[in-house]
Trainee: 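One structure, pasted below without further comment.
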Amino acid sequence: MAELSAIKEHMDIIGADGVHIGTVDKVEGDRIKMVKADSGSHGDHHHFIAGGLVAAVEGNQVRLSASGSAAVLLEEEEGGEAIMDDGNWPGHRTEYRHGCGCAKRS
């Protein structure tokens, strides 16, 4: 794990495969708080990335050890719970909840 103190506001968060995940708002404890704009349909609040996923801090980039597609599934809500916390994933024809209290149909 890289030193989280090297992470600064507005750095790009990049997956191990080079895919842009989001932008740093700030570091809170052992997690990276992303800007609200990177929370997709949850744009009214912030999402977080666990600091343990940080592989390196290089220039203006925070590089994660997980690929982009895996990293977005590992994003957390403020309380630490998973964004999609009931086991239902997009593509299912069921309603799923993802931690922020809203419900979506896929």
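Throughout, residue positions are numbered sequentially from 1 according to the sequence presented. Side-chain atoms are counted along with the backbone in the values below, which use heavy atoms only and exclude waters and symmetry mates. Predicted model only: the values in this text are computed from it and were never measured.
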Trainee: What heavy-atom pair brings Ser65 and Ala16 nearest, and what distance separates the two atoms?
Mentor: O-CB, 3.7 Å
Trainee: Closest heavy-atom contact between Val57 and Met11?
Mentor: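 Looking at all heavy atoms of both residues, the closest pair is CG1-CE, 3.6 Å.
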Trainee: I'd like to check Leu74 versus Ile49 (side-chain heavy atoms, cut-off strictly below 4.5 Å). Are they in contact?
Mentor: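 No; the side chains remain at least 4.5 Å from each other.
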Trainee: Please list all pairs passing the salt bridge (Lys or Arg N to Asp or Glu O under 4.0 Å) test where one or both residues lie in residues 46-59, with sequence neighbours left out.
Mentor: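 For residues 46-59: Glu58-Arg63.
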Trainee: Only counting residues at least two apart or in another chain, list the ones meeting side-chain hydrogen bond (donor to acceptor under 3.5 Å, both in side chains) with Ser67.
Mentor: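 Ser67 satisfies side-chain hydrogen bond (donor to acceptor under 3.5 Å, both in side chains) with Ser69 once adjacent residues are dropped.
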Trainee: Taking Glu78's backbone N and O only, do any of them form a donor-acceptor pair with Arg31's side chain (distance below 3.5 Å, no angle check)?
Mentor: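 Pair found, side chain donor or acceptor close to backbone of Glu78.
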Trainee: Do Val54 and Phe48 belong to the same hydrophobic cluster, where Ile, Leu, Val, Met, Phe, Trp and Tyr are linked whenever their side-chain heavy atoms lie under 4.5 Å apart, directly or via other members?
Mentor: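 Result: no, two separate clusters.
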Trainee: Show every salt bridge (Lys or Arg N to Asp or Glu O under 4.0 Å) that has at least one partner inside residues 17-26, sequence neighbours left out.
Mentor: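 Applying salt bridge (Lys or Arg N to Asp or Glu O under 4.0 Å) to every pair that reaches into residues 17-26, excluding sequence neighbours, yields Lys26-Glu28.
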Trainee: For Val27, which residues count as a side-chain contact (heavy atoms from CB on, under 4.5 Å) partner, sequence neighbours excluded?
Mentor: Leu4, Ile7
Trainee: Any chance you could measure His46, atom NE2, to Ile32, atom CD1, to the nearest 0.5 Å?
Mentor: 14.0 Å
Trainee: Rounded at 0.5 Å granularity, tell me how far CE in Met34 sits from CD1 in Ile13.
Mentor: 5.5 Å
Trainee: Run the side-chain contact (heavy atoms from CB on, under 4.5 Å) test against Asp12 and tell me which residues pass, sequence neighbours left out.
Mentor: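 Residues passing side-chain contact (heavy atoms from CB on, under 4.5 Å) with Asp12: Ile14, His20, Thr23, Asn60, Gln61.
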Trainee: Taking all heavy atoms of Gly68 and all of Ile21, pick out the closest pair and write down the distance.
Mentor: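 Closest approach of Gly68 to Ile21: CA-CD1, 3.3 Å.
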